[in-house]
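The structure under discussion appears below in the form of structure tokens.
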Protein chains: 2
Amino acid sequence: MKKKIALKDIAQHVGVSTALVSYVLNGRAEEKRVGKEIAEKIREAADTLNYRPNQIAKSLKTNRTNTVGLIVADINYRFTSGVTRAIEAEAGKNNYTVILGSSDEDHSKFAELVNVLVNRQVDGLILVPVEKSESQIEWLKKHEIPFVLIDRNFPGIQANHIAVDNFRTAYQCTQHLIKTGHKKIGFINYKTTLYHLRERDRGYFQALEDHGLKNNSKFKKEIREKHVQEDVLRSVQELVAQGCDGIFFATDIIAINGLKYINGMQLRVPEDLAIVSFDEAEAFELFYCPITHARQPLEEIGKIAVNTLMDIINHNQVNRQIYLEAGFVLGRSCGE
Amino acid sequence: MKKKIALKDIAQHVGVSTALVSYVLNGRAEEKRVGKEIAEKIREAADTLNYRPNQIAKSLKTNRTNTVGLIVADINYRFTSGVTRAIEAEAGKNNYTVILGSSDEDHSKFAELVNVLVNRQVDGLILVPVEKSESQIEWLKKHEIPFVLIDRNFPGIQANHIAVDNFRTAYQCTQHLIKTGHKKIGFINYKTTLYHLRERDRGYFQALEDHGLKNNSKFKKEIREKHVQEDVLRSVQELVAQGCDGIFFATDIIAINGLKYINGMQLRVPEDLAIVSFDEAEAFELFYCPITHARQPLEEIGKIAVNTLMDIINHNQVNRQIYLEAGFVLGRSCGE
DNA sequence: ATGAAAGCGCTAACAT
DNA sequence: ATGTTAGCGCTTTCAT
């Protein structure tokens, strides 16, 4: 890499001090009452010498990096791409850069990433926490490092967070299956302690109870995160064998796998089996029957997350626990 | 954010100089022959004081950030998630962090991102260049900033790059349709000057020619990047009207849209229409018929890209133009 | 209106 | 074996 042009190079070139150059190039010429001509000369020199400010040096001095760290759970989730895009856009508006890392749902990788990002002096973090990452969150709180949680949170830890209302959304999904005349409603969810997924359980159970279908709860299946394919296959087979006429999938990934096997089993949707999915997937478009599903407001989550983080960074008092309403997309997978 | 512990704090705490602390904490205690006991004390102090090295300061001094910038074309492409994952993993092994940005196929956004990343002193860049980004690439060359192109390149610009062999892969895809007995083979590709997509054209045409189907070239359709949905729909309709018995889709995005409309038109694959796609999509799994497609070696591309970049950064002479072979996944979308 | 200089936290050359 | 110190490129206070 060629030698870089520094502030003092252009100061030398013009024959002024570095202070003036700094003022002018930071748009504070007026404020600092720098002579018009000098200012112009400085700008010219910066241009011809192709000056690029060294953000590292600037950061060291100002103690600000204008960088936020974003740790997602898995880069393949629909949630991730949508929310990442929104976060990058909103961060850009605030003149911030996003450093992205993926924990792949692994808490040690999560801890490692937090570490790396904090060492790199990010001004704040936007986190999708994973199982067993409570101690990391506590650590961030203790050290007063600005952060906001999205998608997930821990009921025992008070922190700023933005997410969809999982309970309510799951309730609606289940209720939709009930209202479209289905009597034996299966539910497939991950086996996990993650609160947001437990909330989806609660929504399912509550809806059953409120509609006098409490006995349906035996149709709830749990799958292991490391064995999605085989467990979903087994679960679908079991539910069908138990005579279910509808299935509610707790996530897009589960839904995609479920539908794949339903295809394989030659079952027709919605005639043989009604389907509702929490979250949408691009893949749904290729299924012969439009899938009814809840849609998270990814744009909004990302936007609010960034703005909340900005508030924290700028030392405004913030205490936000936001549960957003999900959209509900009506397909034909529960009948017409 | 609480006051940070700095090197000198722990030096003070132990009663030694900052130099010793620096040596010990960078694992150079032996090399610098620091006393065993002192070294131990320093490590302890660092631990209890919860010292986190300030990478910014380190970078300013060493002129190295251990950061690579990755600019992708669109975060929703299958190519992106796969290759990002591979790059992050490989970069991590080399003790590097990845800063990700997405240009959304927009050259001014691309330029802006290059700028931001260079100002942030990334040690190098991995780029998926977009249309009209030639000047940026030239600029990077001129300033001897380490970079490697992936997925795409410009024939007029000599640069290190890693990609799949687009010509050969497209040739194989087309040939497969021919060999499975199809006579009127449509092809849908983007209208673009991007060389890698033009190479796919060339592969298609060459295969037709080599198999005496030169007249088929009227079945090639171009779609606009900003109007994928409507243009793909129109193209499929036209090809069907022209009596095509097979379609080759030039990208996963085009394929997903194409299949969606084929579904809508009540056409059966492969009976009414045979299909081959360049690139795979998760969505294919939900289509009733397994789609035959080429699969790019994303892992390998990412890995080689990082290692090439590391070589450049470490001043090894590097001149690599690598064209990898794609995998070919046999579905049933061209018949049994 | 402009300049001199301190100092951000760290590394490394040099001194002891 | 350990300490002292210059300096990375920038911002900003204080002088002038």
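The structure presented is a predicted model; accordingly, all values stated were derived computationally and were not measured. What you see below is based on every heavy atom in this structure, not just the backbone, and it leaves out hydrogens, waters and symmetry mates.
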Take atom [atom1] of [X] and atom [atom2] of [N], then tell me their distance rounded to the nearest Å.
X       : N       : atom1 : atom2 : value
L60(A)  : dC8(C)  : CG    : C1'   : 4 Å
K8(B)   : dG3(D)  : NZ    : C1'   : 17 Å
E37(A)  : dA1(C)  : CD    : P     : 13 Å
D9(B)   : dG9(C)  : CG    : P     : 8 Å
Q121(A) : dC10(D) : CD    : P     : 19 Å
K36(B)  : dT2(D)  : NZ    : P     : 12 Å
Q55(B)  : dC8(C)  : CD    : P     : 19 Å
I10(A)  : dT11(D) : CD1   : C1'   : 15 Å

Starting at the 5' end of DNA chain D and moving along, which residue's nearest nucleotide shows up first, N63(B) or L20(A)?
->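 It is N63(B), whose closest nucleotide lies nearer the 5' terminus.
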Counting only side-chain heavy atoms from C-beta out, which of [options] sits nearest to [X]?
X      : options                  : answer
S17(B) : dT4(D), dA1(D), dC10(D)  : dT4(D)
L7(B)  : dA12(C), dT2(C), dT11(C) : dT11(C)
V16(B) : dC10(D), dG3(D), dG9(D)  : dG3(D)

Just to confirm, is there a sub-4.0 Å distance from OP1 or OP2 of [N] to any side-chain nitrogen or oxygen of [X]?
X      : N       : result
T62(B) : dT11(C) : no
S22(A) : dC10(D) : no
N54(A) : dC8(D)  : no
Y23(B) : dG3(D)  : no

Check this for me: does any side-chain nitrogen of one of [X] and [Y] sit under 4.0 Å from a carboxylate oxygen of the other?
X       : Y       : value
E112(A) : K109(A) : no
R85(A)  : E90(A)  : no
E44(A)  : K41(A)  : no
K4(B)   : D9(B)   : no
E300(B) : K303(B) : no

Contact class for [X] vs. all strands (heavy atom < 4.0 Å): base, sugar-phosphate, or nothing?
X      : value
R28(B) : sugar-phosphate
I56(A) : nothing
A6(A)  : sugar-phosphate
N26(B) : sugar-phosphate
T18(A) : base
K61(A) : base

Using the closest heavy atom to pick a nucleotide of DNA chain C for each, name whichever of K32(B) or A57(B) lands nearer the 5' end.
->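 It is A57(B) whose nearest nucleotide is closer to the 5' end.
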Within the 6.0 Å centroid threshold, strictly below: F154(A) and H196(A) =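 No.
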